[in-house]
Amino acid sequence: MSEPVGAGDGLGAQVKTYLFGLFVLVLLFCLYVLQSSAHSRKLRSQLLETREDLISTTVSKSYVENILRSMAETLMVIDPDGTIQRVNQAATNMLGYERVELVGRPVGDVLADGVGVLSLLKRSGLNDVLRSIDTSVVTKDGRHVAVSLSGSVMRDDDGGIQGMVCVAQDITERKRAQEMLEQRTHELARSNDELEQFAWVASHDLQEPLRMVASYTQLLSRRYKGKLDSDADEFIEFAVDGAARMRRLINDLLEFSRVGTHGKDFETTDCEAIYERTLVDLGGLVEDSGALVTHDRLPTVMGDGTQLGQLFQNLIVNAIKFRRDDEQLTIHVGVERQDGNWVIGVRDNGIGIDPQYAERIFIVFQRLHGKGHRAGTGIGLAICKKIVERHGGRIWVESLPGEGSTFYFTLPVNEENSSHE
Ligand code: ADP
């Protein structure tokens, strides 16, 4: 006998359905577990990121705080209305306010140029940086402290103005030093003027008694030479020589002090004409020396013609005075333009100068070479220096012993007459 087919099949089908259901359940569970673990991983990583962000924000905040606290310069952050938003410790130290007293206060209360800073804020976009202006801050007890103020406009990501960061540096010491320097320069200029006046008055007033000494010693010499003993003749001769030399020195000193005290106002001056006239004035001296004198076309400058003539004269006379005996003297006056200056050089082939004395010879009464036809008082080059400096230039010499000298001086180019063709 066989089993009824329907009953066995039904059981098998039920088991299959059950197993299938179980499988689906396990699958769903696995899916759930997988999904939730992915979700939790994502959550975890988001959490980590947030934590790191938080840490780095906290770290950078305290880092920035640290920077602000360590700054020696006063720092103020100002909002677009000109209200102080934030200050650092240096600001509270300098201004004498507590932080809470400063924050919320109009910047004009503490900044002498608060208005200027605000106007810069308003001019937004044109110039976002305020570069080191000298101004002052006003402390709580009303003192003004000199500061150098810089500032830059703060903008948000859309370019809108958030405010301004201002940094002020105490420049009291620098200002004091600057004022002292200005005062000293002023005093120096004044005492220089006084000295010039003094030298002029002294040399001028000394001339009269000196003239008397000189003429009476000459009278003594004429009347009593040979009538007293030989010692007396010698003494009288010394006195005559001394008086004559003193006269030359005083005259030179007078001339030297005249450069500063009696100079004429500057006017358009043609150096070519001045130079030609000087050569005419020196005619006999130049001829006697047998010198060959040449020159470049000289420029027109702003200057005192009389003094420029004296300058050329002193330099040419020196070239003649300090010539070599074994060679024909040649003198060339050259000119070249260097930026804003004419550089004029008076070159000779004379005895030359040891470079170690190149500066000394421009000092009053400093001489290197001697007597005879080279006699002098040593003031010629000092006068040249004074004339050149009065004209805004400088003078120097390039020379080697036995190889001649070139005395260079500069004169500012007068832009209206800058050509010398
Ligand atoms: P002084 O001509 O009366 O001696 P300066 O002041 O004109 O006075 O010159 C100072 C010195 O510089 C001169 O004594 C001389 O030694 C030197 N010196 C000036 N010009 C020349 C020159 N062209 N060549 C050589 N030496 C010179």
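Order of listing sets the numbers, starting from 1, for every ligand and every atom in it.
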Short N or O distance, Gly378 and ligand 1, threshold 3.5 Å exclusive: yes
Side chains of Ile316 and Leu282 in contact at under 4.5 Å (non-hydrogen atoms): yes
Side-chain heavy-atom pair Ile383, Gln310 within 4.5 angstrom cut-off: yes
Side chain, backbone, both or neither: the part of Ile353 lying under 4.0 Å from ligand 1 by heavy atom: side chain
Whether Phe407 lies under 4.0 Å from ligand 1, heavy atom: yes
Arg86/Glu65 salt bridge by N-O under 4.0 Å criterion: yes
Check ion pair Arg176-Glu179 (N to O, under 4.0 angstrom): no
Element-labelled atoms of ligand 1 that are located less than 4.0 Å from some non-hydrogen atom of Lys321: 1 (P), 2 (O), 3 (O)
Proximal ligand 1 atoms for Gly352, defined as those under 4.0 Å from one of its heavy atoms: 25 (C)
Pairs flagged by side-chain hydrogen bond (donor to acceptor under 3.5 Å, both in side chains) wherever residues 87-106 is involved - sequence neighbours left out: Glu101-Lys140, Arg105-Asp109
N or O contact, Phe322 vs ligand 1, cut-off under 3.5 Å: no
Salt-bridge criterion met for Lys227 and Asp233 (N-O under 4.0 Å): no
Within reach of ligand 1, part of Leu315 (heavy-atom separation under 4.0 Å): neither
Atoms in ligand 1 with a heavy atom of Ile379 nearer than 4.0 Å: 6 (O), 8 (O)
Validation row: Asp304, Thr269 side chains within 4.5 angstrom (heavy atoms): no
Subset of ligand 1 atoms that lie under 4.0 Å from at least one heavy atom of Gly380: 5 (P), 6 (O), 7 (O), 8 (O)
Of the listed options Ile361, Asp348, Val397, Asn318, closest to atom 12 (O) of ligand 1 (non-hydrogen atoms): Ile361
Ionic contact status for Glu272 with Arg297, cut-off 4.0 Å: yes
Distance-only N or O hit between ligand 1 and Leu381, under 3.5 Å: yes
